[in-house]
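Remarks on the structure that follows.
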Amino acid sequence: MVMSAKERKLSRLGSCKGATVAGGCGGGGGSPAARGHRSAAASAAGPQRRLFAALFAFLCAGVVVIGGVHVIGGVDVLVPDAASFRPVLRTAWPSGTLNAISSDAGAQQAGGGADTVLPSVQIRHAVGFPDRVLLILKDGSSLPAPERFECLYSPANSSELRYRALLAVSLPDGSRLVHCPAEPSGMDISLSLSLSPPVAPLQWDRLVYTALVDTRDNSTVVFAKGMNLRPGRLGVASRYQCVFGRDLSKPKHVLTSPVISAAQEIFRCVTPARIRRYLRMSTDANSNGDTDDKPMLVSIRTKGQRDSTLPSIAEPEPLPRYNRHRRQKAHSMCVCTMLRNQARFLREWIIYHSHIGVERWFIYDNNSDDDIEQVLNTMDPSRYNITRHLWPWMKSQEAGFAHCALRARESCEWVGFIDIDEFLHFPGNQTLADILQNYSNRPRIGELRTACHSFGPSGRTKIPKKGVTTGYTCRLAAPERHKSIVRPDALNPSLINVVHHFHLKEGVRYVNIGQGVMLINHYKYQVWEVFKDKFSGRVATYVADWQDEENVGSRDRAPGLGTKPVEPEDWPRRFCEVYDTGLKDFVHKAFTDPDTGSLPW
């Protein structure tokens, strides 16, 4: 009798009920030949099944271990909470991470909103300044508002201190900085909700702080503090060498190369071929989203009996690749400036210089904590090509200008180095484009120097509402100094510069532009509310701060003012020898709205 498929299946299931564990299902059914055939097949398949079972068990065990083990030594892991069987983040080194996470999770469950969840950050470097500690975060770290950060100070064998962060800055290029209050002596520092262990800050005045790789001559330009080279002069390059490596404390694991030039805070050295290959590979990896947990660093070593290497946080950054076949650069005129807390004057400065022919702005932000980001966000990017670069280093304007000159070189034919209170002015019939065109075809001219007229408060006691160009109209009769527009390709490889003037290549010279053609209105002595901010510090390396009892009679200071931020009774009437409304008249004619009478800033 022929059995149906369902009946055969039921028959097989029934025969399994009486099977022993040793024999297994189907072990006793069928003919002896069939049983022998199945036994042979089972014996052949046994090792494969055991291998698969072992592999499956190993994977399951790995999941359990990763999810449940508590690793000692500073690694944060998830362990189960017995009460609710929910993962809880714990840390083995003393910090406020656990409390912060627990309170934020509780606040969220209680309806506190998504803004109560703080993301973690990863600290790459820490640098100690006299008034603060700078934390440099790993690119890609999430960065909430500064009021949601706490800086944690961890002394050995003691409870930690907690202070609110002073400033948190994040830029589209990946730069992320946190400013914390100055740490008590001998303490390491970290951030709340950071997965990074506490870091011992390096000192700002003995540090290699940034580096650029110049593909034109396969050199690396290194910026360093602590060598105390004299201003405006070349040092002896043979006394130094560059050191490349992931861990500069291990001499066997570093590469060295000769220094080509040494001047001020700038060292140029040969880039080793292995470093060039590494940088190409790391650039490709970063473009794919991969990051290096222990990046390549470069430092400066002093050779001799007291051989020493400066501490470094400088990761060599490749400059835009040199295109020797390009005949014309993207921009005819660019501007570099360095500022701190000048946001209220920024719109006027950018809009005005855009009108006269500036096409690109490089703004080096020296620790601004005003509304600079909000102001720049109001500038239409299709009209104003602006890059803000974080430059937190003290007394380093010359180094910053050299850094900017290198970054602007591939895209800018000419670059002006002027401050936020300085405005190019053309009293005659020529325009900026006319002047640049006159010299662009003369490669032996590398710098255009223009005189500066310093304006005073012009009788004012309050900040002029319509801007500085229309608000201040009285100045000193004689120009105080001059500023420069340079051709980046003509700069000396040493990049020496002092007070906005660069040393030029051999055979290249500068020209002085007549005051009837081009000059700068320098609104140097504004109302006291603005001017007193100068006493907070100077960014120039070789210029004394206003409150220092040094070079009190220098032209870099206000004549007769002294070193104390105390307003003189006659301040509104000072520095007024000539009434000059030339730029004011031009601004009203070029910018005033005919319907409202308002200016665009």
Side-chain angles (χ1 to χ4, degrees), residues 124-125 127 136 138-139 174 202 206-227 229 234-288 290-324 393 399 402-407 409-410 488-489 491-496 505:
R124 177 152 278 182
H125 306 290
V127 181
I136 303 171
K138 183 177 179 180
D139 290 353
L202 302 173
R206 191 174 183 273
L207 181 71
V208 176
Y209 52 92
T210 192
L212 295 172
V213 178
D214 191 345
T215 57
R216 285 194 178 188
D217 59 359
N218 289 327
S219 67
T220 299
V221 182
V222 182
F223 298 82
K225 282 189 171 294
M227 293 304 186
L229 301 182
L234 281 171
V236 181
S238 60
R239 294 179 180 175
Y240 311 99
Q241 63 181 183
C242 283
V243 183
F244 297 83
R246 295 176 184 270
D247 188 348
L248 301 179
S249 65
K250 298 180 179 179
K252 293 183 179 180
H253 298 150
V254 301
L255 291 175
T256 62
S257 69
V259 170
I260 303 169
S261 65
Q264 299 177 171
E265 295 183 5
I266 306 167
F267 298 77
R268 186 185 288 266
C269 59
V270 176
T271 308
R274 287 176 59 184
I275 299 300
R276 297 201 301 269
R277 289 195 296 270
Y278 165 81
L279 292 174
R280 286 195 296 268
M281 293 172 61
S282 61
T283 300
D284 294 339
N286 290 337
S287 64
N288 294 327
D290 299 329
T291 57
D292 199 343
D293 290 333
K294 196 170 182 61
M296 180 69 64
L297 299 176
V298 60
S299 186
I300 300 295
R301 175 183 293 169
T302 303
K303 298 189 293 184
Q305 293 182 347
R306 296 185 177 181
D307 184 284
S308 64
T309 301
L310 284 176
S312 176
I313 62 170
E315 303 173 22
E317 174 189 352
L319 286 166
R321 184 163 294 277
Y322 173 52
N323 184 356
R324 66 181 65 189
W393 318 113
H403 190 275
C404 185
L406 288 173
R407 292 177 65 220
R409 186 181 59 189
E410 294 304 316
D489 290 324
L491 299 184
N492 189 285
S494 68
L495 298 173
I496 293 177
K505 290 180 178 178

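Side-chain atoms are counted along with the backbone in the values below, which use heavy atoms only and exclude waters and symmetry mates.
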Excluding sequence neighbours, so at least two apart, what forms side-chain hydrogen bond (donor to acceptor under 3.5 Å, both in side chains) with Asn492? Ser494
Less than 4.5 Å apart, side chain to side chain, heavy atoms only: is that true for Val270 and Ile260? yes
Shortest non-hydrogen contact from Leu310 toward Leu207: CD2-N, 4.5 Å
Please report the shortest heavy-atom distance between Thr215 and Arg321, naming the atom on each side. OG1-CA, 3.8 Å
Could you state the interatomic distance from OG1 (Thr210) to NE2 (His403), rounded to the nearest 0.5 Å? 4.0 Å
Partners meeting side-chain hydrogen bond (donor to acceptor under 3.5 Å, both in side chains) with Asp307 (sequence neighbours left out): none
Looking only at non-hydrogen atoms, find the nearest pair between Asp139 and Gly174 and report the distance. OD1-O, 3.0 Å
Nearest atoms (heavy-atom pairs only) where Pro316 meets Val213: CB-CG2, 3.6 Å
Measuring from Met296:CE to Lys294:NZ, what's the distance to the nearest 0.5 Å? 11.0 Å
With Ala237 via side chain to side chain contact (heavy atoms under 4.5 Å, CB included) - residues at least two apart: Val259
Less than 4.5 Å apart, any side-chain heavy atom of Thr256 and any of Arg301? yes
For Thr220, the side-chain hydrogen bond (donor to acceptor under 3.5 Å, both in side chains) test, sequence neighbours excluded, returns Thr271
Please report the C-alpha distance between Leu319 and Arg409 in whole Å, then the side-chain angles of each, then the deciding distance to 0.1 Å, and finally whether the side-chain contact (heavy atoms from CB on, under 4.5 Å) criterion is met. CA-CA 9 Å; Leu319 286 166; Arg409 186 181 59 189; 4.1 Å; yes
Can you find a pair of side-chain heavy atoms, one from Pro311 and one from Arg206, that are under 4.5 Å apart? yes
Worked verdict on Val222 versus Ile266 for side-chain contact (heavy atoms from CB on, under 4.5 Å): CA-CA 6 Å; Val222 182; Ile266 306 167; over 6 Å; no
Partner set under side chain to side chain contact (heavy atoms under 4.5 Å, CB included) for Leu248, not counting sequence neighbours: Val243, Val254, Leu297, Ser299, Ser312
Is the backbone N or O of Pro493 less than 3.5 Å from a side-chain atom of Lys505, with the two atoms forming a donor-acceptor pair by type? no
Drop me the distance from Glu265's CD to Leu229's CG, to the nearest 0.5 angstrom. 9.0 Å
Do any pairs count as a disulfide bond (SG atoms under 2.5 Å apart) and have a residue in residues 238-268, sequence neighbours left out, and if so which ones? Cys242-Cys269
For Asp217, give me all partners under side chain to side chain contact (heavy atoms under 4.5 Å, CB included), at least two apart in sequence or on another chain. Asp214, Ser219, Arg268
Which heavy atom of Pro295 sits nearest a heavy atom of Glu315, and at what distance? CG-OE2, 3.4 Å
Looking at side-chain heavy atoms only, is the closest gap between Val208 and Ile313 below 4.5 Å? no
Which pairs pass ring pair (Phe, Tyr, Trp, His ring centres under 6.0 Å) with one or both residues in residues 235-254, sequence neighbours excluded? Tyr240-Phe267
Is there side-chain contact between Lys303 and Arg239, with heavy atoms separated by less than 4.5 Å? no
Is there a side-chain contact between Gln264 and Phe223 (heavy atoms, below 4.5 Å)? no
Report the residues that fulfil side-chain hydrogen bond (donor to acceptor under 3.5 Å, both in side chains) with Arg216, sequence neighbours left out, ordered by chain and then residue number. Glu410, Asp489
Could you pull out all residues at least two apart from Tyr209 that satisfy ring pair (Phe, Tyr, Trp, His ring centres under 6.0 Å)? Trp391, Trp393
